[in-house]
Engineer: 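Dumping the structure here so I can ask a few things about it.
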There are 2 protein chains.
Amino acid sequence: MVTETRPYHHGDLRAALVEAGLRLAREGGASALGLRGVTRSVGVTPNAAYRHFADRRALVLAVAAKAQDQVAHAMLERMNAIPRDADPAERALHRLRAVGLGYIHFALSEPGWFEVAFLTQDVAPENAPPGTLDGRVSPPYQLLLDALDEMVEAGALSLERRAGAEWVCWSAVHGFADLATRGPLQRQDRAFIDRLAEHVVDTIIHGLEA
Amino acid sequence: MVTETRPYHHGDLRAALVEAGLRLAREGGASALGLRGVTRSVGVTPNAAYRHFADRRALVLAVAAKAQDQVAHAMLERMNAIPRDADPAERALHRLRAVGLGYIHFALSEPGWFEVAFLTQDVAPENAPPGTLDGRVSPPYQLLLDALDEMVEAGALSLERRAGAEWVCWSAVHGFADLATRGPLQRQDRAFIDRLAEHVVDTIIHGLEA
DNA sequence: GGTAGATGTGTACGGTGTATACTTCACCCC
DNA sequence: GGGGTGAAGTATACACCGTACACATCTACC
């Protein structure tokens, strides 16, 4: 337990670096996460970071985890906006839509964070299970799994069609997010993009159904 | 017209740089396309590149265009493997499948080229039409458009469902390719990935149908 | 209260992209 | 066919990057 005023050499430098990284990545994306830039913005020497992170990649990974939390938070907000007293099948469907549209909407409104969360290659360790980052299940991925399971429970999706559905969904929304933020759809009219996003989500959900 | 033996200072340095870039990117991906590395591998001074490219980004863009040609070539090979005398609707469907699976298969078998072709952000100019790179329509994108139009002509896809279909398809296969090469599906068993790829493609095509 | 270990600093090295000035060479025209 | 001209490639330099290594500093514990 450290005191609040001038806690130690810097207090909790690790957390400060991650927070600064988050701030820098918001504008500027992953390329703004330079080791020197982040330490500079905290007012500390570049090498100080090496007491808390093995290298730049580890720092970026820590920021990415936080950014993924933000994605999950945005998705949850949309999911919880679905009225709880609706028809279960209808409700499950809308919650699945919220997962996909939440993912895409986050990418469009916070492209910097989205890039570090899901668009930076991180050469996963040899036997990492799919859907994990840095040893923990990606929260947005978990929300997707839950939403699909809800679909099954509500009878809106057969168990047979459930198999592999997470990768169909993730592929589609992830691909769209990439095309829309960095790819051939960047700089298109926002209203057009929003309509297209709904179309993509609805089409793949329709594809899942029997 | 330059002579073949020792043509000029270097002959056609621009083409040599692009070719070297292609070679380096094949292993190593986009990050292997350093301006110094490329010029070094041609045996020329770093700054020589500036006579032919405005900056590193322009060089990468030129390599990306070539890489996109390779993608289109791989897709065409698969498309042309579909027998020409089949039922038109069936044939159109299989050609559309070939577009998607060709895209994904290329990403898996040539991840380096795929990365520079479609995974490097290139901040498109202000009013670029969607689906273009460096002022030209991306050949793989054109193949996708053609395949979808064939579907309509063959009566396998209604005009209404045709609208926006290219973005549904591209999103899904692009997202899957990214997840499988750099994302949470990297290092998974190849047979598993191949099955999943077919599942993704079939599901979204099914989603397009009425 | 002294010491050991954790935390941050200073300095340095090799790498990068690129700006500027210089040299070399091919071509063209008189 | 000799000289000028502009294009192609070189040399040098700068700022920046990630990071290795030696050092200083401060905390916490015996």
Side-chain angles (χ1 to χ4, degrees), chain A residues 1-21 23-25 27-64 112 115-116 120-123 134, chain B residues 1-21 23-25 27-64 112 115-116 120-123 134:
Chain A
M1 186 74 66
V2 289
T3 74
E4 186 57 40
T5 67
R6 192 66 85 114
Y8 179 34
H9 265 164
H10 188 106
D12 189 355
L13 180 55
R14 186 193 158 92
L17 289 173
V18 172
E19 193 164 344
R23 205 172 49 242
L24 290 173
E27 348 263 307
S31 69
L33 287 183
L35 201 142
R36 291 179 113 103
V38 174
T39 52
R40 194 184 305 134
S41 103
V42 170
V44 97
T45 268
N47 284 346
Y50 285 92
R51 298 293 166 191
H52 305 275
F53 300 96
D55 51 13
R56 173 182 180 273
R57 185 184 148 280
L59 169 58
V60 173
L61 234 60
V63 176
E115 186 189 351
V116 327
T120 63
Q121 54 200 344
D122 60 304
V123 283
D134 209 6
Chain B
M1 186 74 68
V2 289
T3 75
E4 187 57 40
T5 67
R6 195 63 87 109
Y8 179 33
H9 264 165
H10 187 108
D12 190 352
L13 180 56
R14 184 193 160 92
L17 289 174
V18 172
E19 193 164 345
R23 204 171 51 242
L24 290 173
E27 349 263 309
S31 69
L33 288 183
L35 200 143
R36 291 180 111 102
V38 175
T39 50
R40 194 183 306 135
S41 103
V42 170
V44 95
T45 266
N47 284 346
Y50 285 92
R51 297 291 164 191
H52 305 275
F53 300 96
D55 50 13
R56 173 182 180 272
R57 185 183 148 280
L59 169 58
V60 173
L61 234 60
V63 176
E115 186 189 351
V116 326
T120 62
Q121 53 199 346
D122 61 302
V123 283
D134 209 6

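To find a chain, count down the sequence lines: A is the first, B the second, and so on, and within it residues start at 1.
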Engineer: Which residue lies toward the 5' end of DNA chain D, A:Ala54 or A:Gly37, if each is placed at its nearest nucleotide?
Structural biologist: A:Gly37
Engineer: Nearest nucleotide by nearest heavy atom, which residue falls closer to the 5' end of DNA chain D, A:Leu35 or B:Thr45?
Structural biologist: B:Thr45
Engineer: With the side chain of B:His52 defined as its heavy atoms from C-beta on, choose the nearest nucleotide among D:dT10, D:dG9, C:dT18.
Structural biologist: D:dG9
Engineer: Hey, mind stepping through A:Thr45 and A:Thr39 against side chain to side chain contact (heavy atoms under 4.5 Å, CB included) and telling me if it holds?
Structural biologist: CA-CA 6 Å; A:Thr45 268; A:Thr39 52; over 6 Å; no
Engineer: Taking any heavy-atom pair under 4.0 Å as a contact, classify A:Arg40: base, sugar-phosphate, or nothing.
Structural biologist: sugar-phosphate
Engineer: Which nucleotide in the list D:dG9, C:dG10, C:dA19 gets nearest to the side chain of B:Asn47?
Structural biologist: C:dA19
Engineer: Nearest to the side chain of B:Arg51 - D:dG9, D:dT19, C:dG8?
Structural biologist: D:dG9
Engineer: Quick one, B:Val18 with B:Phe53, criterion side chain to side chain contact (heavy atoms under 4.5 Å, CB included). Give me CA distance, side-chain angles, the key distance, then yes/no.
Structural biologist: CA-CA 10 Å; B:Val18 172; B:Phe53 300 96; 3.8 Å; yes
Engineer: Regarding A:Arg36, tell me which of base, sugar-phosphate or nothing describes its non-hydrogen contacts under 4.0 Å with the strands shown.
Structural biologist: base
Engineer: Between P on D:dG9 and CZ on B:Phe53, what's the gap in Å once rounded to a whole number?
Structural biologist: 11 Å
Engineer: Looking across every strand, which nucleic acid part, if any, lies under 4.0 Å from B:Arg56 by heavy atom: base, sugar-phosphate, or nothing?
Structural biologist: sugar-phosphate
Engineer: Mind checking the CG-CG spacing from B:Leu17 to B:Leu35? Nearest 0.5 Å is all I need.
Structural biologist: 8.0 Å
Engineer: Roughly how many Å is it from OH in A:Tyr50 to C1' in C:dT11, rounded to a whole number?
Structural biologist: 15 Å
Engineer: How many whole angstroms separate atom CG of B:Leu13 from atom P of C:dA26?
Structural biologist: 15 Å
Engineer: Within a strict 4.5 Å, meaning less than it, do heavy atoms of the A:Val42 and A:Leu13 side chains meet?
Structural biologist: yes
Engineer: Quick one: B:Leu17 CG to C:dG17 P, roughly how many Å, whole number?
Structural biologist: 13 Å
Engineer: Between P on C:dT18 and CG on B:Leu59, what's the gap in Å once rounded to a whole number?
Structural biologist: 10 Å
